[in-house]
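Position 1 is the first residue of the sequence; numbering continues from there. A quick note: this is a predicted structure, and the numbers were derived from the prediction, not measured. Excluded from the calculations below are hydrogen atoms, water molecules and symmetry mates; all remaining heavy atoms, backbone and side chain alike, are included.
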Amino acid sequence: MTGLLPRILSPADVRSLPESGLPQLCEELREEIITVCGRVGGHLGASLGAVELVVALHRVFHSPQDALLFDVGHQAYAHKLLTGRRERMGTLRQAGGIAPFLDPRESPLDALAAGHSCTAVSAALGMLQGRRQLGRAGHVVAVLGDGALTGGLSFEGLNNAGGSHLPLVVLLNDNQMSISANVGAIPALLRTRQARAFFEALGFTYLGPVDGHDLGALLPVLREARQSSRPVVVHAMTQKGRGFPPAEADTQTRGHAMGPYEWRDGKLVRSRGGQRTFSEAFAAALDDAMAVDPRVVVVTPAMLEGSALVGLKARYPDRVHDVGIAEQHAVTFCAGLAAAGARPVCAIYSTFLQRAFDQVVHDVCLPGLPVVFAVDRAGLVGADGATHQGTYDVSSLRALPGLSLMAPVVGEDVAPMLATALAATGPSVIRFPRGTLPALPPELHAAGTGSVQGARWLRRAEAPRLTLVALGPLALAALEAAQGEPGWSVLDARWVSPLDAPALREAAACGHVVVVEEGTIRGGLGSAVLELYAAQGLSPRVRLMGLPDAFVPHGDARTQRSELGLDAAGMRQAGRALLEMGR
């Protein structure tokens with residue numbers, strides 16, 4: 001590759017370029033981002049929209065002496081390319097490769113790891129305060145999108161920063177998008193003259209609005225912000241997906257997150273799988289439920305596309321609510337809906353539900369309100385990595401009094417589970433993974449399609465020696481593991497809370513139990529089974545299998561399951577080892 005970009009090994013190289021060369025650098029960055037995402041996928045739209053912002057930041061500020069904190073990191077691919085990682089960008093989101101978001105372990109120029117939105121202002125203010133306290137020089141910049149302004153944490157940070165009088169620089173990347181079009185009063189306000197009054201009322205100097213793609217306008221404003229002795233907001237207007245026609249034309253997400261594609265002769269060529277996903281199966285079940293019960297409503301925190309709810313929103317515009325990046329509000333909004341007599345379904349990713357744990361406890365479970373949580377992306381998520389793994393939902397939620405928690409094995413389980421949850425008098429959770437639906441094995445045909453009652457035996461050995469107890473689709477791998485193994489039974493737990501005590505007592509009677517789950521084993525299903533056995537005085541040999549006591553990095557989820565022993569071969573090996581111990 002020839003041009004400017006191969007010569008940029010650090011931000012110092014950006015500052016050494018003549019200013020007239022910066023537009024060419026921006027063009028080359030866009031070409032590289034489009035090429036990389038075409039090969040491996042990634043968060044294309046936000047990164048394309050922030051190219052000029054990133055170049056201008058590295059031109060005006062001196063990273064790492066000046067800290068640049070990107071909210072989430074969706075918009076930071078240009079930053080990675082300018083900070084010594086260009087040659088490895090082809091490994092983006094791959095096992096052992098460049099991280100999907102920002103990671104200080106990958107580069108000291110990544111000031112702070114961030115995988116969830118709305119954190120930039122609070123973290124940047126803390127970093128600036130810490131530097132001042134320790135006598136260290138340097139500026140701190142928080143880069144956040146207007147989508148983050150639907151989240152309460154951003155306002156907590158802005159409130160504190162505005163009153164601190166510290167010279168924090170907030171660069172607001174305003175593209176009127178979250179994943180999809182941004183929602184609420186604040187995004188509308190940002191496009192009016194009231195934006196200045198809003199930020200000035202919070203104690204900030206307001207600079208803008210400025211065209212975020214015009215370096216001639218952007219650079220002077222950032223230089224002025226760098227000289228400020230008080231908190232300042234630079235309001236930059238950008239276009240998500242800028243420079244990539246399919247993203248520019250996409251009014252839904254502007255190419256937010258795309259899988260591999262080919263850009264050929266001005267056209268986007270992308271292979272699409274034909275298999276349905278668990279998300280789509282749940283959305284179809286919701287569609288059926290909403291058609292017969294007008295009380296059923298859906299709430300999601302900026303996850304219409306990811307949770308396959310776009311079609312439902314079109315059919316039921318007044319009963320499907322996108323509340324923006326505001327997980328805490330989403331949960332308590334559901335509590336209010338339930339208190340008014342509606343039957344709300346909160347469609348939310350496992351990793352994002354963590355942000356609203358207090359609301360689940362106090363606003364839903366304590367009053368015992370019938371809110372249904374559709375916990376998507378439960379378990380390993382693949383390329384999005386450690387910040388997005390659905391690791392802790394079982395261990396955190398199963399302890400809550402009155403909360404029911406279940407997991408489907410196949411798509412045919414989803415509708416009965418939703419019907420069971422909607423008929424319940426208290427809160428319920430249905431957790432399901434990212435990925436396509438597995439085929440229905442013959443062992444599940446006998447289970448029926450009615451309401452979901454207790455665990456389900458998928459295989460009962462005549463002379464049982466070992467029982468594999470599995471949760472969710474891992475039950476299919478457990479069935480495969482048990483093939484050809486005399487005396488091996490397979491129990492689909494289905495419920496984590498409440499546990500099916502009679503079925504688990506029967507499992508213990510054979511003397512050897514392996515519990516398998518795609519979540520942390522610390523406090524998960526296996527822990528619950530051991531607690532049950534201890535309470536009932538049962539003492540089978542038990543092996544727990546699940547995600548390790550560590551943050552699992554990005555990589556191919558199927559490969560990671562194999563490496564962690566969460567496939568048929570790993571379960572077979574674990575079962576045989578447990579039986580050997582009993583000899």
Side-chain angles (χ1 to χ4, degrees), residues 115-116 276-283 285-286 300-301 303 306-309 327 330-331 345-357 360 371-400 403-411 413-414 417-418 420-421 427-438 452 469-478 492-497 515-528 545-548 551-552 554-558 560-561 564 566-567:
H116 286 181
R276 282 208 312 168
T277 65
F278 273 97
S279 303
E280 290 166 341
F282 192 86
L286 263 179
T300 186
M303 287 291 135
S307 295
L309 300 174
E327 292 86 0
V331 171
V345 177
C346 185
I348 190 168
Y349 289 8
S350 171
T351 182
F352 297 143
L353 184 59
Q354 294 165 184
R355 312 185 80 184
F357 183 73
V360 175
V371 175
V372 178
F373 293 97
V375 179
D376 201 340
R377 296 339 192 239
L380 296 170
V381 298
D384 282 342
T387 60
H388 284 57
Q389 306 285 19
T391 307
Y392 304 109
D393 53 278
V394 170
S395 61
S396 62
L397 295 173
R398 78 170 183 85
L400 301 182
L403 180 73
S404 299
L405 197 163
M406 50 189 149
V409 173
V410 291
D413 292 335
V414 171
M417 285 188 171
L418 177 60
T420 302
S428 302
V429 171
I430 304 172
R431 80 181 302 258
F432 48 90
R434 180 180 195 174
T436 56
L437 296 171
V452 179
V469 178
L471 183 68
L474 288 183
L476 300 179
D492 166 25
R494 291 208 289 193
W495 295 83
V496 177
S497 180
V515 184
V516 189
E517 57 191 308
E518 199 163 308
T520 179
I521 61 174
R522 301 187 70 176
L525 171 65
S527 294
M545 301 181 69
L547 299 185
F551 294 108
V552 180
H554 51 283
D556 178 75
R558 186 173 300 178
Q560 290 178 329
R561 289 187 191 99
L564 294 169
L566 299 179
D567 61 357

Any donor and acceptor pair, going by atom type alone, linking the side chain of [X] with main-chain N or O of [Y] inside 3.5 Å?
X: S307; Y: L309; answer: no
X: E327; Y: L353; answer: no
X: E518; Y: L380; answer: yes
X: R522; Y: S395; answer: no
X: T420; Y: V452; answer: yes
X: R398; Y: G524; answer: yes

According to side-chain contact (heavy atoms from CB on, under 4.5 Å), who are the partners of [X], at least two apart in sequence or on a separate chain?
X: S350; result: V375, D393
X: T387; result: F101
X: L437; result: R276, F278, A281
X: A383; result: R93

Exercise. What pairs with F282 under ring-ring contact (aromatic ring centres under 6.0 Å, His included), at least two apart in sequence or on another chain?
Worked result: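 Result, ring-ring contact (aromatic ring centres under 6.0 Å, His included) vs F282: F432.
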Exercise. With a 4.5 Å limit on heavy-atom distance, are the side chains of L476 and V410 in contact?
Worked result: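 They are in side-chain contact.
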Exercise. So, are D384 and R434 salt-bridged, with charged N and O less than 4.0 Å apart?
Worked result: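 Salt bridge present between D384 and R434.
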Exercise. Who pairs with E517 by salt bridge (Lys or Arg N to Asp or Glu O under 4.0 Å), at least two apart in sequence or on another chain?
Worked result: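 None.
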